[in-house]
Amino acid sequence: MKLLLLGKNGQVGWELQRSLAPLGEVLALDSSSQAYCGDLNDLPGLAATVQRFAPDVIVNAAAYTAVDKAESESQLAYRINADAPAVLAQEALRLKALLVHYSTDYVFAGLGDQPWQETDPVAPLSVYGASKLAGEQAIAASGCAHLILRTSWVYSARGNNFATTMLRLARERESLAVIDDQFGAPTGAELLADVTAHVIRSVLADPQLGGIYHLAATGETTWCRYARFVLEQAERAGMNLKVTPAMVEAIGTEAYPTPARRPGNSRLDTRKLQKAFALSLPDWKVGVTRMLAEILEK
Ligand SMILES: NC(=O)c1ccc[n+]([C@@H]2O[C@H](COP(=O)([O-])OP(=O)(O)OC[C@H]3O[C@@H](n4cnc5c(N)ncnc54)[C@H](OP(=O)(O)O)[C@@H]3O)[C@@H](O)[C@H]2O)c1
């Protein structure tokens, strides 16, 4: 089996390089790849890559993910998040390949306190959310075999993430204020990649399983509670902190204005995916504890 992976160096793309490897021959590209075009900004180049490599599965982990910058770069955000997935979908249809794509809870308005189901009405608050929704719609409308996995609050142990930022600030600063009215579940790139490999196998065996699914860790938290959890683990590991978990101040979204509006409710209902693929998704603390163990060991 041949798999084309786009966005190989992103949080999820990096982990997919590992998790897709046992499935077959993986051609993993990023925007600067030379032998094949992996730049989602180059639509003819992208189409040529798919035609030349002729994969059985295309996994698109590349995206324009700068949520605030997208407000002033909407054309580029739409090209990468909507036009490029549309090209991938057309090429997948031609080849009868499976297209796997990631989307976001930002397609929802973020109101209420109930986890979003796949069938809930969409109403993005930001250019990023709207561009991701346009990508989903283009793929669904193309008629190609597809899997769209909507996720939320993605982190990876590699590079900087929310936890490493909190650890740094709690050592450097005298106080720390963190948003406490946005709810979601931090979801590890490792988990996303592992589940992706599993569901690809299932959909190839039973194409009826294709479609749109919510995929995130279970449980819920806020950024503030997440920060306190991180600092508790760091204290337990013997790290010296100026700001202790109890000192983290809870603030509302309005106290931290950003160019893009963010949803208050990022909870995703993942029952459809768990049932369809006989999976049991872990609580968010499982992955975060593991990621922290890796960071705190260093
Ligand atoms: N991060 C989150 O919290 C979150 C939440 C919900 C959904 N998602 C979705 O999950 C998926 C994976 O996200 P992630 O967290 O892994 O994102 P990420 O770490 O920001 O990675 C995105 C990747 O896309 C690449 N990319 C950007 N422009 C490109 C272009 N023109 N051509 C080729 N590659 C390009 C980036 O490469 P360069 O760095 O070289 O530009 C980067 O490697 C995305 O679809 C995202 O929308 C993410």
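Note that ligands are numbered from 1 as they come in the structure, with each ligand's atoms numbered from 1 the same way.
- The pair Asp68-Arg262 meets the salt-bridge criterion, since a charged nitrogen lies less than 4.0 angstrom from a carboxylate oxygen.
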Ligand 1: protein N/O within less than 3.5 Å of ligand N/O:
from: ligand 1; atom 1: 3 (O); to: Val154; atom 2: N; distance (Å): 2.9
from: ligand 1; atom 1: 15 (O); to: Gln11; atom 2: NE2; distance (Å): 2.9
from: ligand 1; atom 1: 16 (O); to: Gln11; atom 2: N; distance (Å): 3.2
from: ligand 1; atom 1: 16 (O); to: Val12; atom 2: N; distance (Å): 2.9
from: ligand 1; atom 1: 19 (O); to: Gln11; atom 2: N; distance (Å): 2.9
from: ligand 1; atom 1: 20 (O); to: Thr65; atom 2: OG1; distance (Å): 2.6
from: ligand 1; atom 1: 24 (O); to: Ala63; atom 2: N; distance (Å): 3.1
from: ligand 1; atom 1: 24 (O); to: Ala63; atom 2: O; distance (Å): 3.4
from: ligand 1; atom 1: 31 (N); to: Asp39; atom 2: OD1; distance (Å): 3.0
from: ligand 1; atom 1: 32 (N); to: Asp39; atom 2: OD1; distance (Å): 3.4
from: ligand 1; atom 1: 32 (N); to: Leu40; atom 2: N; distance (Å): 2.9
from: ligand 1; atom 1: 43 (O); to: Gly10; atom 2: N; distance (Å): 3.0
from: ligand 1; atom 1: 45 (O); to: Tyr102; atom 2: O; distance (Å): 3.4
from: ligand 1; atom 1: 45 (O); to: Lys132; atom 2: NZ; distance (Å): 2.7
from: ligand 1; atom 1: 47 (O); to: Tyr128; atom 2: OH; distance (Å): 2.7
from: ligand 1; atom 1: 47 (O); to: Lys132; atom 2: NZ; distance (Å): 3.0

For this session: Start with the C-alpha gap between Glu174 and Lys242, add the side-chain angles, then the distance that decides, and say whether salt bridge (charged side-chain N to carboxylate O under 4.0 Å, His left out) holds.
Result: CA-CA 6 Å; Glu174 305 298 328; Lys242 283 191 189 167; 3.6 Å; yes
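- Partners of Tyr102 under the ring pair (Phe, Tyr, Trp, His ring centres under 6.0 Å) rule, at least two apart in sequence or in another chain, do not exist in this structure.
- Here the side chain of Asp56 pairs a donor or acceptor atom with the backbone of Lys2 at under 3.5 angstrom.
- Taking Arg18 as the reference, Glu15, Asp194 meet the salt bridge (Lys or Arg N to Asp or Glu O under 4.0 Å) condition, with sequence neighbours excluded.
- For Phe108, the ring pair (Phe, Tyr, Trp, His ring centres under 6.0 Å) partners at least two apart in sequence or on another chain are Trp116, His214.
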